[in-house]
Amino acid sequence: LLSHELGRYYAEAIKKIVKRKKWKIDLVGLRGQTIFHKSGKASLQIGESSYLAQALNCNVVSDFRQADIAAGGRGAPIAGIFHQKMVNTHKAVALHNLGGISNLTFIKNKKVESSFDTGPGNLLMDSYCQKYLSIPFDDRGQLAKKGLVNVNMLLKLLRHPYLQQKPPKSCGREEFGPNFLKRFNTVIKKLKKQDVLATLTEFTAITVADAYIKNKLYPEVIYFCGGGAKNSFLLQRISYYLPNTKITTTADLGWDPQHIEGAAFAYLALLGIHGIPGNLPNCSGAKKPVVLGKIS
């Protein structure tokens, strides 16, 4: 029921955009809403694409992760091939998405050398804000900035086994969602709200920075995108742990940080409709390049 309701919602939303922008839509890439992701085993995105196909009278490519999983991959991250197109330099750079989950794409000589999920992006911070503070998120990290890190809680957070795994790897809410946060309810209730957010922000920053340090990835610049790119305090903390790397956002490349994910799936749809492989086996762990997506 939710999948169909979401499909109708997507269709109405795009119809409004088409009317406002006076666009003619030739093709839609539908990312869908991830409700389950078990790396290399199964991944489920909902949002019935047939509603969009009929409302817009065009092809819709959706369900992108399944072909990569069937080829032995982890089904994520899969935006690396688009990130590679965005960067026109032989320098070593990284595009880093701070969505619910954080993932990086390391590019050198215009080729993706590595791409994987580093751990939580906004997920833990947002989950705390929504459950305990009744706000959607910590705007620009202003609450966290006023707090003090609880070292005991931070050390426990850093013991998560995912952080010890080597790439290629991917994760989701199953590893870093509200259920993980529940383990710390006792200590959370004893701390000031700004101290909890400071601790969760520090944990996120360390896991992002460690992903580069532990895997010996040395980008000259990291371009951040996704909602977390607006969290200026989080970017400051990441910069603290990566002092020799320039920290900025994809705005420096002419791309709004909030547009990268949508553009990536539009590009994957274009590849899919032409039968061109869209995964990068060295990043997802797949045995071979495969065409991604199903066509409605």
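In this text the structure is predicted, and so the values were computed from the model without any measurement.
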Quick test of your reading of the model: are Arg8 and Glu5 salt-bridged, counting only N-O distances below 4.0 Å? no
Check against side chain to side chain contact (heavy atoms under 4.5 Å, CB included), Asp252 and Lys246: CA-CA 12 Å; Asp252 284 1; Lys246 180 182 176 182; 4.2 Å; yes
With under 30° as parallel and over 60° as perpendicular, where do the rings of Phe176 and Tyr162 fit, or are they tilted in between? perpendicular
Heavy-atom neighbours of Lys214 NZ exceed 12 at 6.0 Å: yes
Taking the six-membered ring for Trp, are Phe224 and His96 parallel (under 30°), tilted (30 to 60°) or perpendicular (over 60°)? tilted
With under 30° as parallel and over 60° as perpendicular, where do the rings of Phe180 and Phe203 fit, or are they tilted in between? tilted
Treating Ser127 as the side-chain partner and Leu123 as the backbone partner, does any N or O pair qualify as donor plus acceptor under 3.5 Å? yes
Residue Phe36 excluded, over 12 heavy atoms near CZ under 6.0 Å: yes
Taking all non-hydrogen atoms of both residues into account, name the closest pair between Asp68 and Ala76 and its distance. OD2-N, 4.5 Å
Carefully, step by step, assess Ile295 and Ile273 under the rule side chain to side chain contact (heavy atoms under 4.5 Å, CB included). CA-CA 8 Å; Ile295 301 170; Ile273 203 75; 3.7 Å; yes
Side chains of Ser170 and Ser39, donor plus acceptor under 3.5 Å: yes
Side chain to side chain contact (heavy atoms under 4.5 Å, CB included) assessment of Glu48 paired with Leu6: CA-CA 7 Å; Glu48 177 50 56; Leu6 192 55; over 6 Å; no
May I ask you to check whether over 12 heavy atoms, not counting those of Lys169, lie within 6.0 Å of atom NZ? yes
Is Lys146 atom NZ crowded by more than 12 heavy atoms from other residues, nucleotides or ligands, each under 6.0 Å away? no
